[in-house]
Amino acid sequence: MRVRGMRDVLPGEARRWRDVESAMVDVLDRFAYQEVRLPMLETVELFSRGVGEATDIVEKEMYCLTDRDGQAMALRPEGTAGCARALDENGMLYNQTQRVFYRGPMFRYERPQKGRYRQFHQIGVEAFGLSGPDIDAELIQLGCELWRALGIAGEVRLELNSIGSPAARAAFREALIGWLEPRKASLDPDSRRRLATNPLRILDSKSEETRRALDNGPAFKDYLDDASSEHYAGLKALLAELDIDYVENPRLVRGLDYYTRSVFEWTTDRLGAQGAICAGGRYDGLVELLGGRATPAAGFAIGVERVVLLHDAVHGVSPEVPADVYCCVLQPGLHGAALAAVQRLRRMAPALRFRVHAGGGKLKNQLKRADRSGARWALLFGEAEIREGLAALKDLRGSAEQERLRLADVAARLNGRRAAKE
RNA sequence: GUGGACGUAGCUCAGCCGGUAGAGCUCCGGGUUGUGGUCCCGGCGGUCGUGGGUUCGAACCCCAUCGUCCACCCCA
């Protein structure tokens, strides 16, 4: 029985995952970001300190377990804290900058929904040691390039905000509480509860009444500290220069405590309620919070499931064709000779995918399987062919006549054809 | 955690007012020897999500439970 919220990714979809991921990794590579591979298991403390004790993620969504020595561990619910920990512990943040990315599963105990699973996958991108808005702009530019590479750029929109310094946020928080306390009656129940626990989160409530109660209330931009304000203006100027469209969303807040200053999110309306495919921002306080030396940093995380979903919605899905050439063996005794011949062909035509029929059966049945597999060609090995070092090449998709060719000629005929087909 | 819809063959689904299940696709075999796709014939395949209840009788009605999907919440 499959565990709730877990997903099996089967051949066709796995292929698309690989295509989507490799397209993104390729872009990251060209931006000179370096890959790191990080553990899925960390201490609970890393997340309660880094992500924040009062966040939903830490409060009620972590998969916790106790190690044999009594240590409280958690399956990582996000990647940034672990990445900061890893780079800091390995001395990579001392007087230097780092631009890295990582990918892999994250775990959150949530109610599963389309585009939201208990094990989900992220590609995280982080830049450490850079405090100016130029790196924020680079990260956003990188995001744009990712969507362009996947052909989904037209389906996403960038939302932007600045949540300022911790001190500015504290001041705004007080003002917000002061404004909402007398209007408590018109808030939805969730927001009323948050007034005490996490008032900033009330800003992105979807309740009509709550949104009305916020009208004419304190605006965060009036509380933004000068340095953050300048940083934000700098970022917007850079985005304008880069011709990157964005929508300012003063109600965009992050669910994780470590964010400061710039926050951004790419959303799409083609995925229903789970519209955020990528989100991030600056987190200047995180490294210090984890016990390192104060280090400015910024980054974002991509929801791989959602990006694949969006990619599929835009481009459609076609059944996977696992092989280009399906090789049939006419007599059971020829199987060894056929396997050897096909292996020589694989070396001569490395771009092509060869599948050799296994399990015996009549030629009729083997050709039927060749056809069903979607392969473009069938290659037949009979007694006569093996004896003479030949193979019969049959075009399953065109009208060309079947030909008996030497193996080298088969390779020459097929090589380079796969790309031409697509 | 809250609300709603839905769980019937491997897949997509039908099944009327309660009378103990069907189709299409897939798969396997056949339509004579080493030639696929189309067509024809045959076959495999279901404790109707699970457990209770009502009834002479439940896929169908009721309750519970699990699961899926959608929305809220939260987030990637």
Side-chain angles (χ1 to χ4, degrees), chain A residues 1-7 10 51 55-61 77-80 103-125 143 156 188-191 193-194 198 201-202 204-207 210 252-256 259 263-268 271-281 299-310 319 326 328-331 334 357 359 361-386 392-399 401-402 404:
Chain A
M1 197 67 164
R2 185 170 47 82
V3 172
R4 184 159 204 216
M6 304 292 135
R7 254 170 53 80
L10 303 175
V51 175
T55 58
D56 281 13
I57 290 177
V58 168
E59 211 170 79
K60 51 189 199 197
E61 293 178 359
E78 60 95 52
T80 301
R103 46 181 157 164
M106 307 292 164
F107 301 85
R108 291 182 200 171
Y109 188 87
E110 294 184 277
R111 189 102 169 233
Q113 224 177 102
K114 193 185 196 73
R116 188 174 78 184
Y117 307 99
R118 291 181 176 182
Q119 176 180 326
F120 63 104
H121 297 76
Q122 290 188 334
I123 294 182
V125 181
V156 298
D188 61 283
D190 274 325
S191 294
R193 182 174 51 77
R194 287 200 204 105
N198 203 338
R201 214 83 74 71
I202 298 172
D204 60 359
S205 167
K206 286 176 186 166
S207 152
T210 300
L252 180 65
V253 293
R254 308 271 70 219
L256 291 69
Y259 285 106
V263 293
F264 52 87
E265 189 167 309
W266 272 279
T267 58
T268 175
L271 260 35
Q274 265 58 54
I277 61 162
C278 176
F300 61 82
I302 301 158
V304 177
E305 280 82 354
R306 293 178 187 180
V307 169
V308 171
L309 240 25
L310 181 57
Y326 192 102
C328 304
V329 186
L330 305 203
Q331 283 86 30
L334 301 175
H357 178 84
K362 295 186 203 167
L363 176 59
K364 189 182 170 74
N365 184 43
Q366 295 190 32
L367 276 170
K368 193 171 194 160
R369 284 171 185 281
D371 181 53
R372 292 268 160 80
S373 79
R376 167 133 187 212
W377 295 282
L379 196 61
L380 279 43
F381 291 96
E383 247 170 288
E385 286 81 6
I386 292 292
L393 178 64
K394 184 182 178 66
D395 187 342
L396 294 171
R397 310 297 156 197
S399 50
E401 283 292 304
Q402 180 173 321
R404 293 177 80 197

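All chains are named by letter (A, B, ...) in the order of the sequence lines, taking the proteins before the strands, and each is independently numbered beginning at 1.
- The side chain of A:Gln274 approaches B:C73 more closely than any other nucleotide in the set B:A76, B:G34, B:C73.
- Contact of A:Arg116 with B:C69 (side chain to base): no donor-acceptor pair of N or O atoms is detected under 3.5 Å.
- With P as the reference atom, B:A9 and B:G4 are 26 Å apart, rounded to whole Å.
- The CG atom of A:Leu330 sits 9.0 Å away from the CD atom of A:Glu383 when rounded to the nearest 0.5 Å.
- Separating the CG atom of A:Asn365 from the C1' atom of B:G37 is a distance of 14 Å, rounded to the nearest angstrom.
- Nearest heavy atom pair, residue A:Met106 against residue A:Pro77, reads CB-O, 3.9 Å.
- Phosphate contact (OP1/OP2 of B:U35, side-chain N/O of A:Lys364, threshold under 4.0 Å): absent.
- Among the nucleotides B:A71, B:G37, B:A76, the one closest to the side chain of A:Asp371 is B:G37.
- If you take atom P in B:C69 and the same atom in B:G30, they sit 41 Å apart, rounded to whole Å.
- Separation of the P atoms belonging to B:A59 and B:G18 is 13 Å when rounded to the nearest angstrom.
- The base of B:U35 lies close enough to the side chain of A:Gln402 for a donor and an acceptor atom to sit less than 3.5 Å apart.
- From A:Lys394, atom NZ reaches atom CZ of A:Arg397 across 11.0 Å, with rounding to the nearest 0.5 Å.
- Side-chain atoms of A:Arg306 never come within 3.5 Å of backbone atoms of A:Lys114 as a donor-acceptor pair (strictly under, hydrogens ignored).
- Candidate nucleotides B:A76, B:U68, B:A71 were compared by shortest atom distance to the side chain of A:Ala273, and B:A71 ranks first.
- Contact annotation for A:Ile123: no contact, since no heavy-atom pair falls under 4.0 Å across all strands.
- A:Ala279 comes within 4.0 angstrom of sugar-phosphate atoms only, judged by non-hydrogen atoms across all strands, and of no base.
- Checked against A:Leu380 for a side-chain contact (heavy atoms from CB on, under 4.5 Å), the options A:Gln402, A:Glu385, A:Gln366 give a single hit: A:Gln402.
- For A:Leu396, whose side chain is taken as the heavy atoms from C-beta onward, the closest listed nucleotide among B:C75, B:G36, B:C70 is B:G36.
- Looking at heavy-atom distances under 4.0 Å, A:Ala392 makes no contact with the nucleic acid at all.
- In this structure, NZ of A:Lys368 is placed 10 Å from C1' of B:G30, rounded to the nearest angstrom.
- Where A:Ile57 and A:Arg404 meet RNA chain B, the nucleotide closest to each residue was compared, and A:Arg404 sits on the side nearer the 5' end.
- Taking every heavy atom of both residues into account, A:Ser191 and A:Ile202 meet most closely at O-CD1, 3.3 Å.
- Close to B:U68, at under 4.0 Å from its OP1 or OP2, lies a side-chain N or O of A:Arg4.
- Mapping A:Ile277 and A:Gly272 onto RNA chain B via the closest heavy atom, the residue that lands nearer the 5' end is A:Gly272.
- Nearest heavy atom pair, residue A:Leu334 against residue A:Phe381, reads CD1-O, 4.0 Å.
- The CZ-C1' distance, from A:Arg111 to B:G67, rounds to 11 Å in whole Å.
- Considering only side-chain N and O atoms, A:Arg372 lies under 4.0 angstrom from the phosphate OP1 or OP2 of B:C27.
- Distance, A:Arg2 CZ to B:G49 P: 18 Å, rounded to whole Å.
- Side-chain atoms of A:Leu330 lie closest to B:G34 of the nucleotides B:U35, B:A76, B:G34.
- The nearest pair of heavy atoms linking A:Ala276 to A:Thr267 is CA-CG2, 4.0 Å.
- Between A:Arg369 and B:C28, a side-chain N or O to OP1/OP2 separation shorter than 4.0 Å is present.
- Put simply, OH on A:Tyr117 is 10 Å from P on B:U68, counting in whole angstrom units.
- Of the listed nucleotides (B:G34, B:U35, B:A76), B:G34 has the atom at the smallest distance from the side chain of A:Glu385.
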Notebook entry, point to check: What dot-bracket string describes RNA chain B from 5' to 3', counting Watson-Crick and G-U wobble pairs whose defining distances are under 3.5 Å, with [ ] for crossing pairs and | for pairs to another strand?
Noted result: (((((((..((((.....[..)))).(((((.......))))).....(((((..]....))))))))))))....

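- If you take CD of A:Gln331 and P of B:U35, they are 12 Å apart, rounded to a whole angstrom.
- B:U20 sits 33 Å from B:C27 when the P atoms are compared, rounded to a whole Å.
- Under 4.0 angstrom from either OP1 or OP2 of B:A71 there lies at least one side-chain N or O belonging to A:Gln113.
- With both ends at atom C1', the span from B:C61 to B:C16 equals 15 Å, rounded to whole Å.
- The residue A:Gly115 sits close to a base: some heavy atom pair falls under 4.0 Å.
- Nucleotide B:C75 holds its C1' atom 8 Å from the CZ atom of A:Phe120, rounded to whole Å.
- Only the C1' atoms considered, B:A5 is 24 Å distant from B:G46, to the nearest whole Å.
- Between B:U32 and A:Lys362, no contact under 4.0 Å exists linking OP1 or OP2 to a side-chain N or O.
- Nucleic acid contact for A:Glu383: base, since at least one base atom lies under 4.0 Å from a heavy atom of the residue.
- Look at the C1' atom in both B:C13 and B:G53: the space between them is 29 Å, to the nearest Å.
- The aromatic rings of A:His357 and A:Tyr326 are tilted relative to each other, their planes meeting at an angle between 30° and 60°.
- Of the P atoms belonging to B:U38 and B:C25, the separation is 10 Å, rounded to the nearest Å.
- Going from atom CG of A:Asp56 over to atom P of B:C75 covers 6 Å, rounded to whole Å.
- A cation-pi arrangement is absent between A:Arg118 and A:Phe107, since the terminal nitrogen or guanidinium carbon is not both under 6.0 Å from the aromatic centre and inside a 45° cone about the axis.
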